[in-house]
Amino acid sequence: MSKTLRLILGDQLNSDHSWFQTIDESVTYVMMEIRSETDYATHHIQKIVGFFSAMQQFAAELQSQHHHVVYFHLNDTNNLQSFEKNIQYLIEKEQFTHFEYQFPDEFRLDEQLKNLCQSLTIATSVCDSEHFMSSRNELGDFFEGKKTFLMESFYHMMRKKHHVLMEGDKPLTGKWNYDDDNRKKLPKDHKPIPPLVFQNYVTEIVTEIQKTDIKTIGNIDAENFVWPINRKQSLELLDFFVTECLALFGSYQDAMTPNEWSMYHARLSFSMNVKLISPLEVINRAITEWENRPDEIQYNQLEGFVRQIIGWREYMRGIYWNKMPEYATLNYFNNKNPLPEWFWTGKTKMNCLKDAINQSLNFAYAHHIQRLMITGNFALLAGVHPDEVDAWYLGIYIDAIEWVEITNTRGMSQFADGGIVGTKPYVSSASYIDKMSHYCGSCYYKKAVKTGHKACPFNSLYWNFYDKNEYKLGKNPRISMMYNVWRKMEPEDKAALLEQANYYLKNINQL
Ligand SMILES: Cc1cc2nc3c(=O)[nH]c(=O)nc-3n(C[C@H](O)[C@H](O)[C@H](O)COP(=O)(O)OP(=O)(O)OC[C@H]3O[C@@H](n4cnc5c(N)ncnc54)[C@H](O)[C@@H]3O)c2cc1C
Ligand code: SF4
């Protein structure tokens, strides 16, 4: 008799997948909590708990529908702690004749599972995860023969292909991009809406993790775990986002303010990345809300949101599959410095970094502009090795899976790919941070001071970055203005800035 074993990875919790549409007694699904997954990076405790909770709930849901599921818990005595070993053990024990899996989203797992299949003596097959709106190779095919991979052109193609916010083959309203309307600072007296959080009771999983020697970072309230861990909660969060946040999403997308960790962001990346909800249903729900409340939700807010999902998210995945595995080795600026120690503790006098890092340790979350223009900006200005920056981002965020982490970190944030994802490095001095946030007013450092006592470190490090990398960036037309300013500066002012930067770099752990 034919017997099939199907592997479900921790980020493949897609209940709409065609696998689950029929109950088949000859099919067994296997899911596993294993050390090879908990230990490939130092993860935030909330990330491991988020994955394991969502996996356990998904397995229970399948079982309640009468699918046959084998689930290896972290500390089960028969758990051999690797995909290969557990699968081989099951095949021998249960005499399976077929092994099937869905395309993984990570290169590492893709290779691992291909190798496993080669070593097996039974029939094997792989199918799509039925989640994304573009295929793995679609971006590569779209840009074939081109030197640069412009996100904007890819986004237009995706809007046309899926007929999203289109009128025939033209963008609805005649304009593709509303970014210019979407970069406002939060007014001083504006209190953002409190986030919808869940009170999931996850003490058992935390206890199981604590019984092991798994190294984790960050904090957790195990009786009130705030993240959605099943499809129902993910849909509730989506509903909260479109009804309460969408109307101000675009306007305050780049805004930052102390002690407000979520603002008007969706916090749907974890649910989407583990496939509890699909990108198509997320944007369709947002579009329906806009259609129902046209007077309250301006089009620019909606377009800003749709762009993130069918533009940036799909684009990053396409870059990943087009450029891996070389992408993980790129270091355009040849940066070598270690990550400052306070990235792991939040103990720094720099208000913006203190807030972004402590929030990351407390919630396993920071919104995009905190990741890009606070922590990422500082790491690049400080010349940190991209491997160290990647390891931090891959560990600390609940939504961090390599396909979307590395392209954003090594590419967009660290410019280590030399300009595949971004056309110029995202760096700034204190003036941008002050323009978009309320961090500087209460900071130990002085935002307008460039050298000397209490000078904001971003200021001198910013000019040091341009000076040090002039041979790589000096001809980039998008930053020629900055080089003109730098070249016109008095030699003694330049020397003072470089000396200040050098002092800060030498004493980086004390900042
Ligand atoms: C250095 C750095 C590292 C990042 N690491 C990750 C990561 O590991 N995992 C991850 O999912 N995102 C990552 N991002 C992208 C982005 O910051 C997060 O997707 C977003 O903050 C998630 O929060 P949200 O759901 O509230 O997003 P919102 O701001 O509400 O945006 C809505 C959705 O758009 C998508 N999106 C927005 N921007 C991007 C982007 N640049 N790339 C891909 N998708 C995007 C996400 O799915 C997100 O849920 C990173 C960005 C930077 C600059
Ligand atoms: S003064 Fe500098 S370090 Fe302080 S919050 Fe502003 S940008 Fe950050």
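Reckoned from all heavy atoms, side chains included, excluding hydrogens, waters and symmetry mates. First listed ligand is number 1; within each ligand, the first listed atom is number 1. Worth saying up front: this structure is predicted, and the values here are computed from it rather than measured.
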- Task: Return yes when atom NZ of K435 has more than 12 non-hydrogen atoms of other residues, nucleotides or ligands closer than 6.0 Å, and no otherwise.
- Result: no
- Has K494 got its NZ or CZ under 6.0 Å from the middle of the six-membered ring of W463, at an angle within 45 degrees of the ring axis? no
- Query: Between Q301 and S251, do the side chains contain an N or O donor and an N or O acceptor separated by less than 3.5 Å?
  - Reply: yes
- Is F249 in contact with ligand 1, taking contact as a heavy-atom separation below 4.0 Å? yes
- Residue portion contacting ligand 1 (non-hydrogen atoms closer than 4.0 Å) for N273: side chain
- Show which atoms of ligand 1 fall inside a sub-4.0 Å distance from at least one heavy-atom site of L372. 53 (C)
- Task: Would you check if the side chain of H367 reaches a backbone N or O of H265 as a donor-acceptor pair within less than 3.5 Å?
- Result: no
- Message: Distance under 4.0 Å to a non-hydrogen atom of M316: what atoms of ligand 1 satisfy this?
- Response: 42 (N)
- Identify the protein heavy atom lying closest to atom 7 (C) of ligand 1, giving its residue, its atom name and the separation to 0.1 Å. D399 OD1, 3.3 Å
- Query: Parallel, tilted or perpendicular: which fits the ring planes of Y40 and H43, with parallel below 30° and perpendicular above 60°?
  - Reply: perpendicular
- Item | R136 to W403, cation-pi by 6.0 Å centre distance and 45° axis angle | no
- Message: Going by the closest heavy atom to atom 1 (C) of ligand 1, which one wins out of F270, W403, Y393?
- Response: Y393
- Heavy-atom distance to atom 18 (C) of ligand 1: which of M263, K47, H265, R371 wins? R371
- Item | Check: S413 N/O within less than 3.5 Å of ligand 1 N/O | no
- What residue and heavy atom of the protein are closest to atom 25 (O) of ligand 1, and at what distance? L268 N, 3.0 Å
- Considering only heavy atoms, does S262 approach ligand 1 within less than 4.0 Å through its side chain, its backbone, both, or neither? neither
- In the protein, what heavy atom is nearest to atom 47 (O) of ligand 1, and what distance, to one decimal place, separates them? R313 CD, 3.3 Å
- Message: Between K184 (side chain only) and D181 (backbone N and O only), is there a donor and an acceptor less than 3.5 Å apart?
- Response: yes
- In the shown structure, where waters are left out, how many protein N, O or S atoms lie under 2.8 Å from atom 6 (Fe) of ligand 2? 1
- Could you tell me which residues satisfy salt bridge (charged side-chain N to carboxylate O under 4.0 Å, His left out) with E341, sequence neighbours excluded, listed by chain and number? none
- Write out the residue and atom name of the closest protein heavy atom to atom 8 (O) of ligand 1, then the distance separating them to 0.1 Å. A400 CA, 3.1 Å
- Message: Could you tell me, atom by atom, which parts of ligand 1 come under 4.0 Å of a heavy atom of A366?
- Response: 21 (O)
- Item | Region of Y365 engaging ligand 1 - heavy atom pairs below 4.0 Å | side chain
- So how far is it from F240 CZ to E244 CD, rounded to the nearest 0.5 Å? 5.5 Å
- Note on the structure: Under 4.0 Å between heavy atoms, the region of Y397 that gets near ligand 1 turns out to be neither
- Query: Checking salt bridge (Lys or Arg N to Asp or Glu O under 4.0 Å) for the pair K215/D39: CA distance, chi angles, key distance, verdict?
  - Reply: CA-CA 8 Å; K215 199 173 158 215; D39 296 3; over 6 Å; no
- Return yes if a side-chain donor-acceptor contact under 3.5 Å exists between T407 and Y315, otherwise no. no
- How about K454: does its NZ atom have over 12 heavy atoms from other parts shown lying under 6.0 Å from it? yes
- Taking non-hydrogen atoms only, is M272 closer than 4.0 angstrom to ligand 1 via side chain, backbone, both or neither? side chain
- Query: Closest non-hydrogen protein atom to atom 24 (P) of ligand 1, residue and atom name please, with distance?
  - Reply: R267 N, 3.4 Å
- Query: What residue and atom, counting heavy atoms only, is the protein's closest point to atom 35 (C) of ligand 1, and at what distance?
  - Reply: Q308 O, 3.6 Å
- Message: Suppose we measure from atom 17 (O) of ligand 1 to each protein heavy atom; which comes out shortest, and what is that distance?
- Response: H368 ND1, 3.0 Å
- Query: At their closest point, which heavy atom of E314 faces which heavy atom of M158, and how far apart are they?
  - Reply: CG-CE, 3.8 Å
- Query: Should the pair K146 and F149 be classed as cation-pi, given the thresholds of under 6.0 Å to the six-membered ring centre and 45° from the axis?
  - Reply: no
- Message: Are there over 12 heavy-atom neighbours, none belonging to K232, within less than 6.0 Å of that residue's NZ?
- Response: no
- Going by heavy-atom distance to atom 22 (C) of ligand 1, choose the closest among S269, A266, P195. S269
- Query: Between Y462, W342, Y504, which is the residue that forms a ring-ring contact (aromatic ring centres under 6.0 Å, His included) with F378?
  - Reply: W342
- Message: Which residue and atom name correspond to the protein heavy atom nearest atom 2 (C) of ligand 1, and how close is it?
- Response: N408 CB, 3.7 Å
- Message: Show me which atoms of ligand 1 lie under 4.0 Å from any heavy atom of F305.
- Response: 32 (C)
- Query: Are the side chain of Y320 and the backbone N or O of F107 linked by a donor-acceptor pair below 3.5 Å?
  - Reply: yes
